[in-house]
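Scope of the values below: all heavy atoms of this structure, side chains included, with no hydrogens, waters or symmetry mates. Reminder, nothing fancy here: chain letters follow the sequence lines and each chain counts from 1.
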There are 2 protein chains.
Amino acid sequence: MEVKRKMTKSPIKPAEMLIGALLRVPAQAIHRRIIHELNEAGFEELRVPHMAVLQFPGPDGARPGALAERAGISKQAMNQLLRSLESLGYIVRSDVPNKGRARIVRLTRRGRAAYAKIHDILREIEREWMAELGPRRFAELKEILFLIWQSPLAR
Amino acid sequence: MEVKRKMTKSPIKPAEMLIGALLRVPAQAIHRRIIHELNEAGFEELRVPHMAVLQFPGPDGARPGALAERAGISKQAMNQLLRSLESLGYIVRSDVPNKGRARIVRLTRRGRAAYAKIHDILREIEREWMAELGPRRFAELKEILFLIWQSPLAR
DNA sequence: CTGCCATGGTAAACGCACTTTACCACAAGG
DNA sequence: CCTTGTGGTAAAGTGCGTTTACCATGGCAG
């Protein structure tokens, strides 16, 4: 069944809103939109789990284990994702000489195209938000979020 | 395997950061923390998927179908969650007389306790963020996020 | 009244993706 | 050597969401 999404249009007061919902809802909206537009732009094979790899700052040059760590999943799960993305032609995994079994992930041309597309989508979203909020408030938002990002609170 | 999480401490410049990552990372951090502290506070059975039900504004008084819709999952998936939560003693589903097959979800005492605990955790998180950012910037953050929430951009 | 359909809910089967458990390869250090 | 740490892989098991299908009630057209 295709899931329809409709939000409750209930009269919610600002005072009731906690930071959890305030962050979660727009973050999810962005996530869904990225996947949707990515699929429409010709990257149809990319599914939700793949996003764990393509997330900022991207997998290029990284080790599988490191990618697993920052995505918060096991190395094995990451490995499955990487195998999938490799068979789809988005990445390659190459050996690193004189480094034991170490491997390194590289984006292919197609992989770079997909990653660039995500960037484009986000830029467009930023444009829309800026139009909604005004440049000043939007800049403030990013600034404050960046402070949180840097702090240990985001861990 | 227990998944360890460690963030890259790479020197990232604010200019590179797009709103996607800026929102996602703290939102995920909050989500993980809620589940973790909920489990520690004696609600050990609650798992990630259950959060789709306990999410703001909570399930009390709502129909299963409506809950499914706002969680973005199918009615069947929501039903499984509700059955699980019912068998764990967090909710009950009662019939609504003269309303067809309609059912209504009610939090039990334990369910209300869990929901209140989530509220407490979020309040504590807000306290910490306010200490980090200062009351003024924190209020600004919530205000701006609330504007986005109200706009169609969050859909 | 009665047959049809819209609405809301449920059940079973399937499939994907993650974890668990286990193992392999190489390097460094005693 | 043998051990330990690091990095990666493989296979089995499982949890959870979708797909497919069906059931129950109420409204409504004829």
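- The shortest distance between the side-chain N/O atoms of S74(B) and the OP1/OP2 oxygens of dG17(D) is not below 4.0 Å.
- Ring planes of W129(A) and F138(A): perpendicular class, angle over 60° (limits at 30 and 60°).
- Nucleotide dG7(D) holds its C1' atom 13 Å from the CG atom of L82(A), rounded to whole Å.
- Of all nucleotides listed (dC18(C), dA11(C), dT18(D)), dA11(C) comes nearest to the side chain of R83(B).
- The closest side-chain heavy-atom distance from L38(A) to I118(A) is below 4.5 Å.
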| said: Is there a salt bridge (Lys or Arg N to Asp or Glu O under 4.0 Å) between E128(B) and R123(B)? Walk through the geometry before answering. | reply: CA-CA 9 Å; E128(B) 293 171 9; R123(B) 279 280 175 223; over 6 Å; no
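- Of the listed nucleotides (dC18(C), dG9(C), dC16(D)), dC18(C) has the atom at the smallest distance from the side chain of P49(A).
- Checking each of Q150(A), E143(A), K142(A) against F146(A) for a side-chain contact (heavy atoms from CB on, under 4.5 Å) leaves exactly one that passes, namely Q150(A).
- One interatomic measurement links the two molecules: CG of D95(B) to C1' of dG26(D), which rounds to 15 Å at whole-angstrom precision.
- The distance from atom CE of M78(A) to atom C1' of dG7(D) is 14 Å, rounded to the nearest whole Å.
- Regarding contacts with the backbone of dT10(C), a side-chain N or O of R93(B) is found under 4.0 angstrom from either OP1 or OP2.
- Side-chain N/O atoms of N79(B) include none lying less than 4.0 angstrom from OP1 or OP2 on dG9(C).
- Closest to the side chain of K75(B), out of dG9(C), dT19(C), dA10(D), is dG9(C).
- Atom CG in L85(B) sits about 16 Å away from atom P in dG15(D), given to the nearest Å.
- Listed nucleotides: dT20(D), dT19(C), dG8(D). Nearest to the side chain of Q76(B): dT20(D).
- Atom CD of E69(A) is separated from atom P of dT19(C) by 14 Å (rounded to the nearest Å).
- Counting to the nearest Å, the P atom of dG15(D) and the NE2 atom of H50(B) are 12 Å from each other.
- Ranked by how close their nearest DNA chain D nucleotide is to the 5' end, Q80(A) and A102(A) are led by A102(A).
- Look at CD1 on I91(A): it is 14 Å from C1' on dG8(D), rounded to the nearest Å.
- The distance between atom CZ of R63(A) and atom P of dA25(C), rounded to the nearest whole Å, is 19 Å.
- Between R103(A) and dT9(D), a side-chain N or O to OP1/OP2 separation shorter than 4.0 Å is present.
- The side-chain hydrogen bond (donor to acceptor under 3.5 Å, both in side chains) with Y90(A) is formed by just one residue from the set R112(A), H50(A), R110(A); it is R110(A).
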